[in-house]
Engineer: 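Pasting in a structure now, in structure tokens, and then I'll have a few things to ask.
All heavy atoms count here, side chains included; hydrogens, waters and symmetry mates do not. Note that the numbering runs from 1 along the sequence shown for the chain. One-based numbering, in listed order, for ligands and for the atoms of each.
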Amino acid sequence: MDSILVKGNGPLSGNIPIAGAKNACLALMPATLLTEEPLTLTNAPRLSDIKTMSNLLRSFGAEVSLLKEGLVIAMSSHSLGTVRADYDIVRKMRASNLVLGPLLARAGEAVVSLPGGCAIGARPMDIHIAALEALGATIELKEGYLHARAPLKGLQGERHKMRFASVGATENFVMAATLANGTSVLENAAREPEIVDLVHCLRKMGALIEGEGSSIITIEGVERLHGATHKVVCDRIELGTYMLAPAIAGGEVTLVNGQLGLLTAFCEKLHEAGIDVSEAADGITVTRKNGSVRAVDVATEVFPGFPTDLQAQMMALMCTAQGVCNLEETIFENRFMHAPELIRMGANIEVKGGLAKVTGVPKLKGAPVMATDLRASVSLILAGLAAEGETKVSRVYHLDRGYEQVARKFKAVGAKVERISE
Ligand code: EPZ
């Protein structure tokens with residue numbers, strides 16, 4: 001199993017290229033099931049989750065080729081076989097549930113394992129089920145699998161209001177509704193940029209959709225969709241993660257291809273903390289001159305609020321900020337597993353339910369720590385950048401799910417980060 005060694009090495013400087021968005025790509029790939037024609041994605045991230053999704057789509061009979069070292073994903077599902085997503089794949093990657101809507105729309109049925117819990121929470125599927133049942137699907141739970149079936153005459157367009165703005169349920173509803181009979185309206189839809197990117201691709205495929213990025217999305221069903229080529233939007237979570245590197249270690253780093261508009265709430269908090277964020281010709285430049293970082297309160301929210309996927313990384317910055325702050329996690333029920341690991345490094349954090357009170361300390365101390373989930377793992381590397389001594393992060397397979405070439409990207413700006421195999 002690999003580990004990552006990090007040594008505090010002073011201020012950083014240079015450029016880090018930001019890849020295409022994992023969470024956009026994991027929704028875009030199942031869209032190939034909606035058409036018999038080829039769908040090609042460019043600017044795709046090279047991640048283990050993408051490989052997992054590729055294998056899942058292949059299990060339905062789709063052809064999926066990762067070209068140009070994975071930057072291009074060429075897919076075609078002209079004929080589908082099985083419509084079953086097995087537990088052993090779904091439990092590893094919850095995003096496998098994004099095949100539900102497309103399979104129902106294309107094949108009229110789907111058998112998808114419930115994902116089971118994961119490190120950050122129970123991850124139920126009730127909002128997905130309610131949304132697809134609104135379109136006329138019947139969904140039964142049998143032996144841990146959702147057995148979904150569309151009416152013989154196909155899904156029926158319908159107005160539906162979700163109880164919570166679930167990202168995945170929005171994506172499943174929108175994809176299913178593109179081929180439904182009649183018009184559908186989704187209320188309390190999630191507004192994340194990855195949904196906007198999915199709709200842009202579906203529109204290129206001939207879908208009739210309006211309102212993406214707002215809480216009300218209208219989809220007019222069409223007979224069929226055609227193929228397309230689509231460039232995956234920049235990964236705002238990878239972007240925010242690497243923006244925190246100079247914020248924590250000092251110096252100046254430009255995040256190439258970064259788009260400020262994807263992270264407004266996050267950038268406001270960095271500004272409040274005293275970090276300088278500016279638009280550069282080819283991306284975003286983040287500068288931390290000498291002087292301390294101010295503690296700022298953060299509450300995670302659905303987009304356009306502060307992203308839950310950046311909460312762990314922000315906590316790493318707050319560990320050595322001046323003052324006390326409260327980080328509130330409102331999206332997932334158990335997303336503070338990085339806190340005990342940061343405490344091993346000398347952080348002063350008190351967790352009570354969904355609230356973490358962080359009291360800044362002058363310096364963290366390197367220590368052996370353990371990655372527990374994707375975003376927690378990278379927050380430990382960030383903490384190690386400015387810690388005294390060496391930090392060893394184990395179980396970095398979590399990292400490979402969402403961050404390509406992590407050690408290489410950090411080293412490019414002068415950080416002492418090495419990946420070792422043991
Ligand atoms: C997406 O997960 C992202 N994953 C997550 O990123 C991200 O944290 C999350 O959205 C929130 O922004 C992908 O896009 C592949 P939700 P998703 O449905 O769609 C509850 C990462 O690190 N809920 O918006 O699963 C759920 O338990 C990952 O890249 C229900 O109760 O998120 C959670 O508490 C982690 N019932 C909350 O809603 C449901 O049917 C948000 O879930 C669905 C969700």
Side-chain angles (χ1 to χ4, degrees), residues 19-30 45 47-50 52-53 56 90-101 112 114-134 139 141 146 148 160 162-175 186 188-198 215 232-233 235-241 262-263 265-266 300-313 329-338 354 371-379 398-404:
K22 164 179 88 81
N23 291 347
C25 205
L26 290 174
L28 289 161
M29 290 175 76
L47 304 167
S48 57
D49 271 9
I50 302 303
T52 304
M53 182 60 83
L56 176 60
V90 180
R91 70 182 171 78
K92 274 184 263 174
M93 187 183 68
R94 173 182 169 80
S96 310
N97 63 19
L98 295 175
V99 300
L100 248 183
V112 176
L114 275 179
C118 72
I120 61 178
R123 312 298 294 271
M125 287 281 294
D126 62 300
I127 305 174
H128 294 250
I129 293 166
L132 295 171
E133 284 178 338
I139 302 181
L141 174 62
L146 293 178
H160 175 66
M162 296 197 300
R163 72 172 176 81
F164 173 82
S166 156
V167 172
T170 300
E171 290 161 344
N172 259 328
F173 182 95
V174 167
M175 285 194 277
L186 183 63
N188 198 22
R191 301 172 53 191
E192 273 67 6
E194 293 73 33
I195 291 165
V196 172
D197 200 46
L198 172 64
S215 303
V232 179
V233 70
D235 192 322
R236 64 193 167 99
I237 305 303
E238 187 194 29
L239 171 61
T241 301
L262 297 171
L263 281 176
F266 173 75
T300 62
E301 294 167 34
V302 295
F303 194 87
F306 190 100
T308 172
D309 292 349
L310 284 171
Q311 175 260 109
Q313 301 90 314
E329 173 55 59
T330 70
I331 305 294
F332 287 101
E333 64 266 32
N334 183 32
R335 203 169 196 178
F336 283 138
M337 278 145 316
H338 40 286
T372 48
D373 62 86
L374 168 56
R375 307 302 175 183
S377 48
V378 79
S379 78
H398 290 292
L399 264 177
D400 297 336
R401 297 192 49 184
Y403 292 94
E404 58 176 47

Engineer: Taking atom types as modelled and ignoring hydrogens, do the side chains of Gln311 and Thr300 form a donor-acceptor contact shorter than 3.5 angstrom?
Structural biologist: no
Engineer: Okay, side chain of Glu238, backbone of Ala19: is any donor-acceptor separation there less than 3.5 Å?
Structural biologist: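 Confirmed, Glu238 side chain pairs with Ala19 backbone.
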Engineer: What protein heavy atom sits nearest atom 19 (O) of ligand 1, and how far off is it?
Structural biologist: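 For atom 19 (O) of ligand 1, the nearest protein heavy atom is Gly168 N, 2.8 Å.
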Engineer: Would you say atom 39 (C) of ligand 1 makes contact with the protein, given that contact here means a non-hydrogen protein atom less than 4.0 Å away?
Structural biologist: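 Under the 4.0 Å cut-off, atom 39 (C) of ligand 1 does have protein heavy-atom neighbours.
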Engineer: When you compare the side chains of Thr308 and Glu329, does any donor N or O come within less than 3.5 Å of an acceptor on the partner?
Structural biologist: yes
Engineer: Applying a 4.0 Å heavy-atom criterion (strictly less than), which segment of Ile331 is in contact with ligand 1: side chain, backbone, both, or neither?
Structural biologist: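 Ile331 to ligand 1: contacts from backbone and side chain alike.
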Engineer: Heavy atoms, side chains only, cut-off 4.5 Å: are Ile50 and Pro45 in contact?
Structural biologist: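 Yes, close enough: below the 4.5 Å cut-off.
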Engineer: Give yes or no for whether the N/O distance cutoff of 3.5 Å, strictly under, is met between Leu374 and ligand 1.
Structural biologist: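 Among all N and O atoms of Leu374, none is under 3.5 Å from an N or O of ligand 1.
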Engineer: Taking only heavy atoms of His128 into account, list the atoms of ligand 1 that are under 4.0 Å away from them.
Structural biologist: 40 (O), 43 (C)
Engineer: Go through the structure and list residues passing ring pair (Phe, Tyr, Trp, His ring centres under 6.0 Å) with Phe306, not counting sequence neighbours.
Structural biologist: Phe266
Engineer: For Ile127 and ligand 1, does the shortest N/O to N/O distance drop below 3.5 Å?
Structural biologist: yes
Engineer: For ligand 1, is Glu329 a contact, meaning one of its heavy atoms is under 4.0 Å away?
Structural biologist: no
Engineer: Passes side chain to side chain contact (heavy atoms under 4.5 Å, CB included), Val99 versus Val112? Steps please.
Structural biologist: CA-CA 8 Å; Val99 300; Val112 176; 4.0 Å; yes
Engineer: Closest by any non-hydrogen atom to atom 35 (C) of ligand 1: pick that one out of Arg94, Met162, Arg335, Glu194.
Structural biologist: Arg335
Engineer: Return the residue, atom name and 0.1 Å-rounded distance of the protein heavy atom closest to atom 18 (O) of ligand 1.
Structural biologist: Ser166 OG, 2.7 Å
Engineer: Please tell me whether His398 and Asp373 have a donor and an acceptor in their side chains that are separated by less than 3.5 angstrom.
Structural biologist: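 No, Asp373 and His398 have no side-chain donor paired with an acceptor closer than 3.5 Å.
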Engineer: For ligand 1, which atoms, with element, lie under 4.0 Å from some heavy atom of Lys22?
Structural biologist: 21 (C), 29 (O)
Engineer: Starting from atom 17 (P) of ligand 1, which protein heavy atom do you reach first, and at what distance in Å?
Structural biologist: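 For atom 17 (P) of ligand 1, the nearest protein heavy atom is Arg123 NH2, 4.0 Å.
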Engineer: So is Glu171 touching ligand 1 or not, going by heavy atoms under 4.0 Å?
Structural biologist: no
Engineer: Would you call Glu194 and Arg236 a salt bridge, taking side-chain N to carboxylate O under 4.0 Å as the test?
Structural biologist: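 Here Glu194 pairs with Arg236 in a salt bridge, since their nearest N and O are under 4.0 Å apart.
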Engineer: Which protein non-hydrogen atom lies closest to atom 31 (O) of ligand 1, naming both residue and atom, and how far is it?
Structural biologist: Arg163 NH2, 3.0 Å
Engineer: Identify, for atom 15 (C) of ligand 1, the protein heavy atom at the shortest distance, and state residue, atom and that distance.
Structural biologist: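 That would be Asn23 OD1, 3.4 Å.
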Engineer: Contact between Lys22 and Asp235 at the side-chain level, heavy atoms closer than 4.5 Å - yes or no?
Structural biologist: yes
Engineer: What is the closest protein heavy atom to atom 6 (O) of ligand 1, and at what distance does it sit?
Structural biologist: Asp309 OD2, 3.0 Å
Engineer: Does an N or O anywhere in Glu192 fall below 3.5 Å from an N or O of ligand 1?
Structural biologist: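 Looking only at distances, the answer is no, because the N/O contact criterion of under 3.5 Å is not met.
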Engineer: Return the closest protein heavy atom for atom 11 (C) of ligand 1 as residue, atom name and distance.
Structural biologist: Thr308 CG2, 3.9 Å
Engineer: Do Val90 and Leu114 have side chains that get closer than 4.5 Å, going by heavy atoms?
Structural biologist: no
Engineer: For the residue pair Gln313 / Thr241, report whether a side-chain donor-acceptor contact shorter than 3.5 Å exists.
Structural biologist: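 A pair is found: one side chain offers a donor N or O, the other an acceptor, under 3.5 Å apart.
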Engineer: Is there a donor-acceptor pair under 3.5 Å between the side chain of Asp309 and the backbone N or O of Ile237?
Structural biologist: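 Flag not set: sc Asp309 to bb Ile237 has no pair under 3.5 Å.
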Engineer: Which protein heavy atom lies closest to atom 22 (O) of ligand 1, and at what distance to 0.1 Å?
Structural biologist: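 Result for atom 22 (O) of ligand 1: Arg375 NE, 2.9 Å.
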Engineer: Compute the shortest N/O to N/O distance between Ala169 and ligand 1 and return yes if it is under 3.5 Å, no if not.
Structural biologist: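 Such a contact does not occur with ligand 1.
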Engineer: Using a plain distance cutoff, I'd like to know if Ala95 has any nitrogen or oxygen under 3.5 Å from a nitrogen or oxygen of ligand 1.
Structural biologist: no
Engineer: For the backbone of Phe303 and the side chain of Glu192, can you confirm whether one donor and one acceptor N or O come within less than 3.5 Å of each other?
Structural biologist: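 Flag set: sc Glu192 to bb Phe303 pair under 3.5 Å.
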Engineer: List ligand 1 atoms under 4.0 Å from Phe332, heavy atoms only on the residue side.
Structural biologist: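 Ligand 1 atoms under the 4.0 Å threshold to Phe332: 8 (O), 33 (C), 34 (O).
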Engineer: Examine distances only and state if a side-chain atom of Asn188 and a backbone atom of Met162 form a donor-acceptor pair shorter than 3.5 Å.
Structural biologist: yes
Engineer: Relative to the heavy atoms of Phe164, which atoms of ligand 1 are at a distance of less than 4.0 Å?
Structural biologist: 37 (C), 38 (O), 41 (C)
Engineer: Please say whether Val167 places an N or O atom under 3.5 Å from an N or O atom belonging to ligand 1.
Structural biologist: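 So ligand 1 has an N or O lying under 3.5 Å from an N or O of Val167.
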